[in-house]
Protein chains: 2
Amino acid sequence: MSDTENVERFSNVLSGVVKLTKTLSDGRQQIVGLQFAPDFLGRPFQAESTLTAEAATNVELCSFPRQALERMMKEQPDLEHRLLEQKLRELDQARDWMVALGRKTAAEKIASFLLMIARNIDPAAGPELRAAAFDLPLSRAEIADFLGLTIETVSRQLTRLRGNNVIRIDNNRHIVVDDLARLEVRSGD
Amino acid sequence: MSDTENVERFSNVLSGVVKLTKTLSDGRQQIVGLQFAPDFLGRPFQAESTLTAEAATNVELCSFPRQALERMMKEQPDLEHRLLEQKLRELDQARDWMVALGRKTAAEKIASFLLMIARNIDPAAGPELRAAAFDLPLSRAEIADFLGLTIETVSRQLTRLRGNNVIRIDNNRHIVVDDLARLEVRSGD
DNA sequence: CGTTTCCTTGAGCGGTGTCAAGCCGTGTGG
DNA sequence: CCACACGGCTTGACACCGCTCAAGGAAACG
């Protein structure tokens, strides 16, 4: 399952990573959100703005039509409350990335991105893990679209982190971070 | 009233513009949201992330403590629903700006910013107005923090738009746009 | 007046983009 | 099994946009 998803439906992400993309008329793209399990997926109450949801990895979804959701919310106010909390979290995340996009250097963006993946990819991991190993859910091109960079800059910055022994890279996708604190230092926060 | 506001309280913006700012440890700042009348202001259900709300212009607020809001929401589910819709709009706006921050040039950022102000500053104006005149609610430094640029770049791009007769500038703050379509062409969307 | 703050303008530099070449792993067909 | 093509990634050379640093103008205010 790595196709574009219809946003007129709603889903829970059971496993995998879904990317939310916006595209300018001349083709420039920006990934504006990543949804990990067990996030909720969809935008109720309005015609969607020009937003595309696409699987970034193999994804398992629990999906149902818009009307079903809105009916369920009427019957069960608790559901609307949980939806609100999820959307508030997404808003916080979006604003964190705005700082990265607007004010961080390429090196800081890459470090922040790796940290964010390390902390989200394993749902079981607590907030205070010291090391991490994971497969990148995005290609270099997708990372570039997420960070507002080019493929080449992403590649150069990853090579640089490897050269400084902050990360190891296997198969272009698998990343090992022995000391997350060293990444954090470079994330600019 | 142009002071920092306590985010442990909640408010309706009755008039004026409030800016939401995030700051990195070394002082770099990014404005992550602008709230116009009649927007709602505040972040329920959780310790606030590091977000500062500050009046950008003279502002009138209708403010009340956190607990009052959460009590009112329990009693009146409709309120929680309206809050959800507002937060969904804020999320859409945040994602629009992520595209601007990540993928637009300085010139496009400035054009997009002016368009956005023109459309929000007068709550009465419909979506299809052809011309606009308004006072910028932000200083050059604040515009820079909003667009991920420097003061100098903001100034140069505004001068350039004036040189091309797309806008007129009085008193450094008052902007006149005779043809919004010409701005839209330069906004990159 | 002088001072301050905000803004503009210029000169030069650097980080990131652009363009181009080549590498590596994988799949495909002979 | 090899030859080849292909996509994803890396690396290098160079250009340019936007940043840095610096000087000075304009308006507000003492």
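Throughout, protein chains are lettered first and strands after them, A, B, ... in sequence-line order, and every chain is numbered starting at 1.
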## Note on the structure
Contacts of A:Arg182 meeting side-chain hydrogen bond (donor to acceptor under 3.5 Å, both in side chains) (sequence neighbours excluded), chain-then-number -> none

### Query
Rounded to whole angstrom units, what separation is found between the CD1 atom of A:Ile169 and the P atom of C:dC24?
15 Å

### Task
For A:Asp178, enumerate each residue passing the side chain to side chain contact (heavy atoms under 4.5 Å, CB included) test, keeping only those at least two apart in sequence or located in another chain.
A:Arg168, A:Val176

### Query
Quick one: the side chain of B:Glu152 and the base of C:dC7, do they pair up donor-acceptor inside 3.5 Å?
no

### Query
On DNA chain D, which is the earliest and which the latest nucleotide, 5' to 3', with an atom closer than 4.0 Å to a heavy atom of chain A?
D:dC9 to D:dA13

## Note on the structure
Residues passing the salt bridge (Lys or Arg N to Asp or Glu O under 4.0 Å) test with A:Glu85, sequence neighbours excluded, are none

### Query
Can you list the residues that meet the side-chain hydrogen bond (donor to acceptor under 3.5 Å, both in side chains) rule with B:Asp189, with sequence neighbours excluded?
B:Lys104, B:Ser187

### Partner residues of A:Glu80 under the salt bridge (Lys or Arg N to Asp or Glu O under 4.0 Å) criterion, sequence neighbours left out
none

### Message
Without decimals, in angstroms, what is the distance between B:Arg162 CZ and C:dC7 C1'?
### Response
11 Å

### Query
Taking the six-membered ring for Trp, are A:Phe10 and A:Phe40 parallel (under 30°), tilted (30 to 60°) or perpendicular (over 60°)?
parallel

### Task
Output the residues of residues 170-178 of chain A in contact with DNA chain C, where contact means a heavy atom of the residue under 4.0 Å from an atom of the strand; sort by number or write none.
none

## Note on the structure
The side chain to side chain contact (heavy atoms under 4.5 Å, CB included) partners of A:Asp135 (sequence neighbours excluded) come to A:His174

Show each protein N/O and nucleotides 12-16 of chain C N/O combination with a separation under 3.5 Å, one pair to a line.
unit_1: C:dT16; atom_1: OP1; unit_2: A:Ala106; atom_2: N; d: 3.1

### Query
For A:Arg162, which residues count as a salt bridge (Lys or Arg N to Asp or Glu O under 4.0 Å) partner, sequence neighbours excluded?
none

### Listed partners of B:Gln29 passing side chain to side chain contact (heavy atoms under 4.5 Å, CB included), at least two apart
B:Thr21, B:Thr23, B:Asp145

### Message
Checking A:Glu152 now: which residues fulfil side chain to side chain contact (heavy atoms under 4.5 Å, CB included) with it, not counting sequence neighbours?
### Response
A:Thr150, A:Arg156

### Message
So, does B:Ser155 get its side chain near the phosphate of C:dT9, meaning an N or O under 4.0 Å from OP1 or OP2?
### Response
no

